[in-house]
Amino acid sequence: MERKTISVTLDDNKKITFETGKIARQANGSVLVRCGDTLVFSAACAADKPAEGIDFLPLRVDYQANFSSTGKTLSGFIKRQGRPTESEILVSRLIDRPLRPMFENGYYNEVQVLSYVWSYDGVNSPEPLAICAAAAALVISEIPLIKPIAAVRVGMIKGKFVVNPTIEEQKESQLDLLIAGSEDAVLMIEGYCNFLTEEQVLEAIETGHKAIYKICDALEKWQKEIGKPKKKDYLHVLSDALLAEIEKTGGQELISALRIREKQKREDAQSLVHARVMSSLLPEGQPAKYTQKDLEAGLKAVSSKLMRQMILDEKVRSDGRSTTDIRQIDVEQSILPRAHGSSLFTRGETQAVAVCTLGGEGMSQRYEDLEGEGTHRFYLQYFFPPFSVGEVGRMGAPGRREIGHGKLAERALKAILPSKDKFPYVIRLESNITESNGSSSMASVCGGCLAMMDAGVPIERPVAGIAMGLILEKDRFAILSDILGIEDALGDMDFKITGDNKGITAFQMDIKVEGITISIMREALEQAKHGRLHILTKMLDVCPAYREQMSAYAPRIETLKIKPNKIATVIGPGGKQIRAIIEETGVQIDIDDTGLISITANDLESIEKAKAKIFGLTAEIEIGRIYTGRVMAVVDFGAFVEVLPGKEGLCHISEYDFSRIAKLSDYVKVGDMMTVKVVDIDERGKLKLSRKATLEAQPQVQAQSN
């Protein structure tokens, strides 16, 4: 196969190169994408025909960031990369979400897309390149992707939008937006920002889509040049006759079922209608006109059509709300007496029990990625048990959906956290979904914010989240606030936005159809703002501010700052000194490279003891300063006084008092406390102390040595 290459140059002369024909030539499509020295490889393969009984697209997308791409291996015992990390799962989802709606309708062949980071330069992000590589592999293959898609990252640095910012630029950015789409439309966005306005978010989306257009245009030309003919032999499209017969047989009953307000009763009624339509169109003992699989797919399509007509024509939804109404919101704080902070957040038939746990540095979440190893001081873990939707299911490791929902809520709340200097705790949030009927991730944002406030985390800007939906039919559309599960499943858009009355902290959008314009997005953002503020008001009615007093069961943490060159003194040879302090006081001590020390204990007395010892080890003796210390030894010519832990000096007998003393032991003994002034420090560091000097001046600063 002949090697073929194309290049696309974006803003600031950032060049992206696509190459095929050199690697993995037996795959249906394979592409190597390069930007700088970051290289991402993707291969796409599809089964020759669909499996028996399949009525959906079995698409599997996996992304792996090889540590060898940076000349490293995993730090653990096993050096082979195995189960995907959380970050790899999140990128796999980012690749999957814009690709899935772009396959031909009725294509049910199994498809697998694998992407690997083979070289990483620490400058150019691999995530948008992975989406471009996966799309390009499908574009030039015979797998029926409707049209090319591409992705870019958009940052905002000093008020200016930057396409595909470098890793260093991202650290300064107020925005982290990953956007994917086709030449004509945006298909997926995932963004996190520091309270940007709706207009700034829209401008960022427009900036990103202009860059996407350039890449898609190049891929379309590449497809015409080297792409294989699309294989559509097994497309399975429902006939108009089938849909008409289903609507004739059960349409009116379906309309009635769709108008039932309670989720469980609505689903039960729909099941009865489905069963009656099945028995009518699949009579026992008679030749079947349609297959069961087609009837099930047809019932879903007809239900979608009827629900969409009801919303567009009547502006009424299944639960009786208008397009802008928010379901009833109930908030209950401190529901778990031993938890550091807890909240029960209920919105309609979606409910989350959020729990906040506070701790020291040892509670941090460790991670390892291409940038190196580190810890997260704040993390949110999302749990979605089967009972939340009234089902029986498997329990085990979290799935991709749970990881994705948890990360969205976590990053939405990260923008409101206090600095480490103000609040030195590590914060862990749990979101336990106990009921679900639409946007449990946004319930996690609301519940998580309330649980942190209940725990006493000093949050000055509480935020709320809302999920928006869309029904789009040619020139007609309806934007839906606070969508139900059925509206998510049968609608055209899932748009989640978090923030307060002045700005946005996170937004995520998935679109199933092309045609979503910037004007529609603008209207959706404005409607979302009203809904978000309604929810936030309900939250603040119950919890207007964070708790001033933390839970009695939460640990106490205090911090102090020492000079970095004193870190070794506190730690001691082989950690001997710091272990001794921990054993004696019962605290937990963590020191970072800047000299910031966090001391964690269950009581303040232990913290004060540890602080005094650290202060004694790190404080520098100053000439002219007055100290109160313990007498360690008494000899004929004077007394040795420990002015700070481990630091002694001599108070000569002549410096004890103004009057002449014959025998110092008549006046002082070992263990006595003596106030002395440092009058000199010689070149060897020996201290010359004077009690007599303190009798002339009142002590201004004292240090206790125990």
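Only this structure's heavy atoms are used, side chains among them; waters, hydrogens and symmetry mates stay out. We count residues from 1, following the sequence as given. No experiment lies behind these values; they were computed from the predicted model shown.
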In short, Ile167 meets Asn124 closest at the heavy-atom pair CG1-N, 4.5 Å
Review point. Charged N to carboxylate O below 4.0 Å: is that the case for Lys669 and Asp672?
Key: yes
* To do: Decide salt bridge (charged side-chain N to carboxylate O under 4.0 Å, His left out) for Glu558 and Lys611; before the verdict, give the C-alpha distance in whole Å, the side-chain angles of both, and the deciding distance to 0.1 Å.
  => CA-CA 9 Å; Glu558 290 196 19; Lys611 283 171 68 176; 2.8 Å; yes
Residues Gly503 and Arg532: closest non-hydrogen pair is O-NH2, 3.9 Å
Under the criterion salt bridge (charged side-chain N to carboxylate O under 4.0 Å, His left out), I'd like the reasoning laid out for Lys692 against Asp657: C-alpha separation, chi angles, the key distance, then a yes or no.
CA-CA 5 Å; Lys692 182 168 63 176; Asp657 206 338; over 6 Å; no
inquiry  = Between Arg366 and Glu373, does any side-chain N to carboxylate O distance fall below 4.0 Å?
reply    = yes
Margin query: For Asp636 and Lys663: C-alpha separation, side-chain torsions, deciding distance, then whether salt bridge (charged side-chain N to carboxylate O under 4.0 Å, His left out) applies.
Written below: CA-CA 7 Å; Asp636 292 341; Lys663 191 176 181 181; over 6 Å; no
**OP:** Check whether any side-chain heavy atom of Glu402 sits under 4.5 Å from a side-chain heavy atom of Ser431, and report yes or no.
**Re:** no
Assess the side chains of Thr505 and Thr498: does a donor N or O sit below 3.5 Å from an acceptor N or O?
yes
In Lys420, Lys561, Arg377, the residue satisfying salt bridge (charged side-chain N to carboxylate O under 4.0 Å, His left out) with Asp592 is Lys420
Checklist entry - Quick one: do the Ser125 and Gln170 side chains pair a donor with an acceptor below 3.5 Å? => result yes
I would like to know whether Glu169 and Val162 meet side-chain contact (heavy atoms from CB on, under 4.5 Å); could you show each step before the answer? CA-CA 9 Å; Glu169 287 174 332; Val162 179; 4.1 Å; yes
query = Is any side-chain heavy atom of Met452 closer than 4.5 Å to a side-chain heavy atom of Leu429?
reply = yes
Practice prompt. Starting from the C-alpha separation in whole Å, work towards a yes-or-no answer on side-chain contact (heavy atoms from CB on, under 4.5 Å) for Ile623 and Arg625.
Written response: CA-CA 6 Å; Ile623 295 176; Arg625 189 170 179 180; over 6 Å; no
Would you say the side chains of Asp603 and Ser606 form a donor-acceptor pair under 3.5 Å?
-> yes
The residue among Thr694, Val643, Asp680 that forms side chain to side chain contact (heavy atoms under 4.5 Å, CB included) with Leu689 is Val643
(Q) Strictly below 4.0 Å, N to O, side chains only: are Lys613 and Glu584 in salt-bridge contact? (A) yes
Practice problem: Assess the side chains of Ser598 and Tyr425: does a donor N or O sit below 3.5 Å from an acceptor N or O? | Solution: no
In this structure, CG of Leu664 is separated from CZ of Arg691 (nearest 0.5 Å) by 9.5 Å
Does one side chain, of Asp121 or Thr38, offer a donor that lies under 3.5 Å from an acceptor on the other? yes
| task | Answer with yes or no whether the side chains of Glu190 and Gln508 bring together a donor and an acceptor at under 3.5 Å. | result | yes
Sequence neighbours excluded, the answer for ring pair (Phe, Tyr, Trp, His ring centres under 6.0 Å) partners of Tyr120 is none
One should read off an interatomic distance between Leu650 CG and Lys688 NZ, to the nearest 0.5 angstrom, of 9.5 Å
Next on the checklist: If the threshold is 4.0 Å, N to carboxylate O, is there a salt bridge linking Lys422 and Glu460?
Outcome noted: yes
Any ion pair linking Arg347 and Asp330 (charged N to carboxylate O, less than 4.0 Å)?
no
Distance-only donor-acceptor check, side chains Ser690 and Glu655, under 3.5 Å:
yes
Can a side-chain donor-acceptor contact be found between Thr350 and Glu435 if the only test is distance below 3.5 angstrom? no
Q.
Tell me whether the rings of His376 and Tyr367 are parallel (<30°), tilted (30 to 60°) or perpendicular (>60°).
A. parallel
query = Can you find a side-chain donor-acceptor pair between Thr434 and Ser388 that sits under 3.5 Å?
reply = no
Notebook entry, point to check: Yes or no on ring pair (Phe, Tyr, Trp, His ring centres under 6.0 Å) for His340 and Tyr553, after CA distance, side-chain angles and deciding distance?
Noted result: CA-CA 6 Å; His340 300 162; Tyr553 304 107; 8.1 Å; no
* Asked: Between Arg428 and Tyr379, is NZ or CZ placed under 6.0 angstrom from the six-membered ring centre and within 45° of the ring axis?
  -> no
Margin query: Between Ser343 and Asp454, do the side chains contain a donor N or O and an acceptor N or O under 3.5 Å apart?
Written below: no
